[in-house]
Number of protein chains: 2
Amino acid sequence: MRQPDDRAVRPTMNDVARTAGVSLKTVSRVINGEPTVAPHLAERVRAAVDALRYRPNLGASMLRRNDRRTRTIGVLLEDVGNPFSAALHRAVEDEALARGVHVLIGSVDENPQRERDLARAFAERHADGLIVAPAGDDQSYLASELPAGTPVVFVDRQGTGFAGDSVLATNVVGATEAVRHLIAHGHRRIAFLGDHARIATARSRYRGYLDALGEAGLEPPAKPELHHWSTAESATLTLFGRDHPPTALFTAQNLVTIGAVRALRRLRLHRDVALVGFDDFPLADLVEPAVTVVAQDPAAMGRTAARALFERIDGDRQPPREFWIPTALIRRGSGELPPHPVRARATL
Amino acid sequence: MRQPDDRAVRPTMNDVARTAGVSLKTVSRVINGEPTVAPHLAERVRAAVDALRYRPNLGASMLRRNDRRTRTIGVLLEDVGNPFSAALHRAVEDEALARGVHVLIGSVDENPQRERDLARAFAERHADGLIVAPAGDDQSYLASELPAGTPVVFVDRQGTGFAGDSVLATNVVGATEAVRHLIAHGHRRIAFLGDHARIATARSRYRGYLDALGEAGLEPPAKPELHHWSTAESATLTLFGRDHPPTALFTAQNLVTIGAVRALRRLRLHRDVALVGFDDFPLADLVEPAVTVVAQDPAAMGRTAARALFERIDGDRQPPREFWIPTALIRRGSGELPPHPVRARATL
DNA sequence: CTGAAAGCGCTAACAC
DNA sequence: GTGTTAGCGCTTTCAG
């Protein structure tokens, strides 16, 4: 069944020791950079390593080592293919690589079961710590999946039921700022587009939206059902097929924003209906009109999460911390459109 | 120095065996799903596993197992943060997860040294195989970094000096098709924008560009120096500051395309100069005019690469294969603009 | 400064 | 069916 070359042959420390004419332990010392080796022996060992192309087996060393570190972290993001997660991932990688640490990563896809399976898989591979963008609303499972003491940093969404640092965007404040901006431009009928119930971040943004309306004494108009970004375009079309359509939209997520932009174009309303989106996206400045957004900073989130995680891995045992990464309103045009007079008349 | 809880305490198979009142080996059999265990013993083992929250240590089992598999693959892409790599990554992940395999990933950033370092790091972590988007033009180092027999699949770019399957976009043909398209719309002065020397894919696209010009008996205009996508915008501005500017652009990469779009806007030439870009990008259909592209299919590339890799991991030993993933011309408007009469007159 | 012996958690080979 | 023994490649401990 198994071919001879199925088992890849690699020289072991023992092989190196034999060719160098020293003991196994001396090789181990050289490989691990322990200074207590005579120079001429160390040189012989290095020569043998080169000759045999010896590479250490991290799995085996981890097994015996006191610190049990694999120099590998696990990262669970919503979807490594989307721009937000990809930018965050990249920032984590840069921090990790600077420390000689490598990254196991997976997409949780809004699926709590997948979240748990990935956490388990990374724990079985002995990740030194985890960065998790929670899909479910209960992370207490981490206590059973992870060895005691494994640090976890939550990112993008708050984790529940497990003690870990969190790195979060200022969702509520950012959304409030966005909606205030629309109100300042004269809008009174501002619709919210996003999954306001199921997803924690969207829920926070909905809260911020309600806060801003409340301050101005405005009522939220009836909101369309939206449980997945893929339905954003059709939900927007529906919204403008009803009576009393809004004069402005606040969209809670970048893919929702893009869906809304597509719908407004099809309706030829893109110059009439104001729009502010949460989360920036590439080319937002190149569409007509350019899209005003509340930009998050996924790179800062990834960087912060990674740094926090490495502090924990290095032994920091203080109580869980929260890092708030500020959002920034970027005025590009779509959010500065005034309420459109024609439609306003039509809906009165 | 090290705290007691620095070493995360996890129950071992031995602990499970003791609480279940069976031998270590029986536990091993249950964990590995071997059918030759009496049901009542298996039940006792499973109960002990649940009670102790036992999780197997993959590193230890890998050490002793005959197949030496870690159910982990390594993926080296250009930059996990860019849309092309991110989409490819996601497709690889889906194929891997369907097989219970997990993904170690890193960005090579056009840096051959980083490529080699990552390959080594993943080899030390005993990846079962590698998917590599080569940054350098020599992959012979893989023979020394990887255990003999470790399969490698090259993706996006051809690998050199190491035997592995390749998954490639039809770069030459796709570029030829793009340029033929511009010629068919009346263009005779078509500029190439991209790194035609250093990067293999861009080089292929440059070849395709030359082929199409040659067929039509056209000479390539002087091309601006462009060694990194970040300079695409300024290179485009320079191009149109010179005499005899082109009436059409062919851009070799999506970030170059975006830079060119930005530059044409600033020059208010975006409705006058035709543009076809290689590689699609999000919102290409929403800018004005919508951008005609030769779309690659990064998801198909990732899927194909992963499937090929798993065939090799499963023992397939046939000679290296090449998989060509077709590109598709998507007509959106920018590539269908006719040569602009005013500028044409000005340059005659 | 160097080496011999023990053992990390697990599976393979072979007994019973 | 089940258990015992050996040992994967490495680091630790401790003796020289």
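Numbers restart at 1 for each chain; the letters A, B, ... are given by sequence-line order, proteins then strands.
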Output the rounded distance in Å from [atom1] ([X]) to [atom2] ([N]).
X	N	atom1	atom2	value
A:Asn14	C:dA6	CG	P	16 Å
A:Asn32	D:dT11	CG	C1'	8 Å
B:Asn57	D:dC8	CG	C1'	13 Å
A:Arg64	D:dT11	CZ	C1'	6 Å
B:Leu63	D:dC10	CG	C1'	8 Å
B:Ile31	C:dT11	CD1	P	8 Å
B:Asp67	D:dC8	CG	P	17 Å
A:Glu34	C:dG3	CD	P	13 Å

DNA chain D: 5'-proximal contact among B:Pro35 and B:Ala60 (nearest heavy atom): B:Pro35
May I ask you to evaluate whether A:Ser28 reaches the phosphate of D:dC10, defined as a side-chain N or O under 4.0 Å from OP1 or OP2? no
Using a strict threshold of under 4.0 Å (side-chain N to carboxylate O), is an ion pair present between A:Asp15 and A:Arg18? yes
Verify the distance criterion only: is there a donor paired with an acceptor across the side chains of B:Gln113 and B:Asn111 at less than 3.5 Å? no
Without hydrogens or angle criteria, can the side chains of B:Asp128 and B:Thr70 be said to hold a donor-acceptor pair below 3.5 Å? yes
Could you check whether any side-chain N or O of B:Arg321 sits under 3.5 Å from a backbone N or O of B:Val167, counting only pairs where one atom can act as donor and the other as acceptor? no
Using modelled atom types and a 3.5 Å cut-off, is there a donor and acceptor pairing between side-chain atoms of B:Thr160 and backbone atoms of B:Gln139? no
Please tabulate, one pair per line, each protein N/O and nucleotide N/O from nucleotides 2-4 of chain D that are separated by under 3.5 Å, including the distance.
{"residue": "D:dT2", "atom": "OP2", "partner": "B:Ala38", "partner atom": "N", "Å": "2.4"}
{"residue": "D:dT2", "atom": "O4", "partner": "B:Arg29", "partner atom": "NH2", "Å": "3.4"}
{"residue": "D:dG3", "atom": "OP2", "partner": "B:Ser23", "partner atom": "N", "Å": "3.1"}
{"residue": "D:dG3", "atom": "OP2", "partner": "B:Ser23", "partner atom": "OG", "Å": "3.0"}
{"residue": "D:dG3", "atom": "OP2", "partner": "B:Thr26", "partner atom": "OG1", "Å": "2.4"}
{"residue": "D:dG3", "atom": "N7", "partner": "B:Arg29", "partner atom": "NH1", "Å": "3.3"}
{"residue": "D:dG3", "atom": "O6", "partner": "B:Arg29", "partner atom": "NH2", "Å": "2.9"}

Looking only at C:dA12, D:dC10, C:dG9, the nucleotide nearest the A:Arg68 side chain is C:dG9
Distance (rounded to the nearest 0.5 Å) between A:Glu145 CD and A:Leu118 CG: 11.0 Å
